[in-house]
Amino acid sequence: MILLSIIYVLTPESEQQLIQTAQRLSGITLGDLAAQLGIAVPENLNKEKGWIGLLLERALGASAGSKPLPDFPELGIELKTLPIDRDAKVLETTFVSVAPLTGMSGVTWQTSHVKNKMAKVLWVPIISERQLPVAERLICTPFLWQPNPEEEALLQADWQELTDMIVLGEVEKINGKYGEVLQLRPKAANSKAKTKAFDKNGRPFQTLPRGFYLKTGFTQQLLNRHLRVN
DNA sequence: TACTGATCATTT
DNA sequence: AAATGATCAGTA
């Protein structure tokens with residue numbers, strides 16, 4: 001008798017189906033998953049930092065490519081892997097979206113990329129300690145999250161503060177310390193990458209592209225809630 | 001050891 | 001160049 005593959009290669013047709021498939025991945029290693037998908041596992045992630053995210057996208061049937069859409073457009077769900085250690089401590093910040101530095105007149109929280117990306121997220125925690133070989137890293141129980149009013153208020157406040165600074169031409173004054181739960185940091189190929197922004201006199205200049213990231217304390221709380229529930 | 005700034009691959 | 005997927009790694 002042949003075991004049914006736990007791998008889902010077609011796009012899920014419902015939220016429940018997606019969650020069910022994700023749940024069936026929990027408890028298996030990245031090496032096992034990659035083998036079933038016929039994908040080679042890198043020695044480390046130095047040159048393939050997004051490898052785990054792409055692996056999970058394929059396993060769950062996310063729409064391929066780098067389109068400006070949620071991973072599961074029909075379901076309005078974004079997929080995020082969450083690196084944790086064996087004690088369920090979050091190890092990294094979570095990239096949300098690139099930060100527009102121009103053409104933001106009229107942009108509000110309601111229409112922001114941050115709000116829309118974080119509207120509904122399927123989090124897949126991965127025990128991903130650096131010392132652990134990539135193939136041995138372990139997929140944990142996924143959970144679907146929608147920001148509650150308090151969480152959304154936190155995100156909105158930080159987004160507003162950071163966006164206001166950008167609009168005022170103070171983007172280069174921003175560092176990772178700003179924001180309680182959401183920060184603005186470089187998001188680029190290297191420190192020489194440039195994109196257009198405006199200075200405080202409204203004059204265009206070239207600066208490092210930035211992105212919004214969720215701080216680890218925030219994602220840690222989301223995870224803790226679900227650990228208590230489960 | 002936590003955190004911020006730097007960096008890597010791929011696709012459009 | 002900008003979007004997708006993130007983690008690396010030096011230093012405070």
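Since the model is a prediction, treat every value here as computed from it, not as a measurement.
Here A:Leu91 sits alone; no ILVMFWY side chain lies under 4.5 Å from its own, so it joins no hydrophobic cluster.
Whole-Å rounding puts the A:Asn46 CG to C:dG5 C1' distance at 16 Å. The separation between A:Ile52 atom CD1 and B:dC8 atom P is 18 Å, rounded to whole Å. Atom OH of A:Tyr213 is separated from atom C1' of C:dA3 by 13 Å (rounded to the nearest Å). In this entry the distance linking CZ of A:Arg58 with C1' of B:dT10 reads 10 Å, nearest Å. To the nearest angstrom, P of B:dA9 lies 5 Å from NZ of A:Lys47. A straight line from CG of A:Leu45 to P of C:dA9 spans 11 Å, rounded to a whole angstrom. Whole-Å rounding puts the A:Leu54 CG to C:dT7 C1' distance at 13 Å. Note: CD1 (A:Ile39) to P (B:dT10) measures 13 Å, nearest angstrom.
Connection of A:Trp109 to A:Met118 is established within a shared hydrophobic cluster, with ILVMFWY side chains joined at heavy-atom distances below 4.5 Å, either directly or through further cluster members.
Every side-chain contact (heavy atoms from CB on, under 4.5 Å) that A:Lys177 has, sequence neighbours left out, goes to A:Asn175. For A:Gln220, the side-chain hydrogen bond (donor to acceptor under 3.5 Å, both in side chains) criterion is met by A:Asn224, not counting sequence neighbours. The side-chain hydrogen bond (donor to acceptor under 3.5 Å, both in side chains) test applied to A:Thr216 returns no partner, not counting sequence neighbours.
No donor-acceptor distance shorter than 3.5 angstrom exists from the side chain of A:Asn201 to the backbone of A:Arg203, with no hydrogens or angles considered. Using a distance-only test at 3.5 Å, with no hydrogens or angles considered, a donor-acceptor pair links the side chain of A:Lys215 to the main chain of A:Gly179.
Contact annotation for A:Asp71: backbone-only contact, meaning every heavy-atom pair under 4.0 Å involves sugar-phosphate atoms and none involves a base.
Among A:Asp164, A:Leu182, A:Val181, the one residue that satisfies the side chain to side chain contact (heavy atoms under 4.5 Å, CB included) test with A:Trp159 is A:Leu182. Tested against A:Val90 for a side chain to side chain contact (heavy atoms under 4.5 Å, CB included), the candidates A:Leu222, A:Ile84, A:Leu214 yield a single pass: A:Ile84.
The environment of NZ in A:Lys194 is crowded: more than 12 heavy-atom neighbours from other residues, nucleotides or ligands sit within 6.0 Å. A:Gln160 CD: more than 12 foreign heavy atoms inside a 6.0 Å radius. Atom CD of A:Glu43 has 12 or fewer neighbouring heavy atoms from other residues, nucleotides or ligands inside a 6.0 Å radius.
Of the residues in residues 115-136 of chain A, those with a non-hydrogen atom less than 4.0 angstrom from any atom of DNA chain C are A:Lys117, A:Arg130. Remark: A:Arg185, A:Lys187, A:Lys194, A:Thr195 in residues 160-195 of chain A come within less than 4.0 Å of DNA chain C through at least one heavy atom. Listed in residue order, the members of residues 72-98 of chain A having a heavy atom less than 4.0 Å from DNA chain C are A:Glu78, A:Lys80, A:Thr81, A:Pro83, A:Glu92, A:Thr93, A:Phe95, A:Val98. Annotation: proximity of residues 196-212 of chain A to DNA chain C (heavy atom, distance under 4.0 Å) is found for no residue.
Note on the helix from B:dT1-C:dA12 to B:dT12-C:dA1: terminal axis deviation equals 30°, with five pairs used at each end and the result rounded to 10°.
Between A:Glu152 and A:Lys115 there is a salt bridge, since a side-chain N of the basic residue sits under 4.0 Å from a carboxylate O of the acidic one.
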Using atom types as modelled, flag every donor-acceptor pair under 3.5 Å from a side chain in residues 69-82 of chain A to any protein atom, sequence neighbours excluded.
unit_1	atom_1	unit_2	atom_2	d
A:Asp71	OD2	A:Leu79	N	2.7
A:Lys80	NZ	A:Phe95	O	2.8

Quick one: side chains of residues 121-140 of chain A, donor-acceptor pairs under 3.5 Å with protein atoms, not counting sequence neighbours, listed by atom name and distance.
unit_1	atom_1	unit_2	atom_2	d
A:Ser128	OG	A:Arg137	NH1	3.0
A:Glu129	OE1	A:Arg86	NE	3.2
A:Glu129	OE1	A:Arg86	NH2	2.7
A:Glu129	OE2	A:Arg86	N	2.9
A:Glu129	OE2	A:Arg86	NE	2.9
A:Arg137	NE	A:Leu132	O	2.9
A:Arg137	NH2	A:Glu129	O	3.4
A:Arg137	NH2	A:Arg130	O	3.4
A:Arg137	NH2	A:Leu132	O	3.1

Using a 3.5 Å cut-off and no angle test, enumerate the donor-acceptor pairs between side-chain atoms of residues 44-52 of chain A and protein atoms at least two apart in sequence or in another chain.
unit_1	atom_1	unit_2	atom_2	d
A:Asn44	OD1	A:Asn46	N	2.9

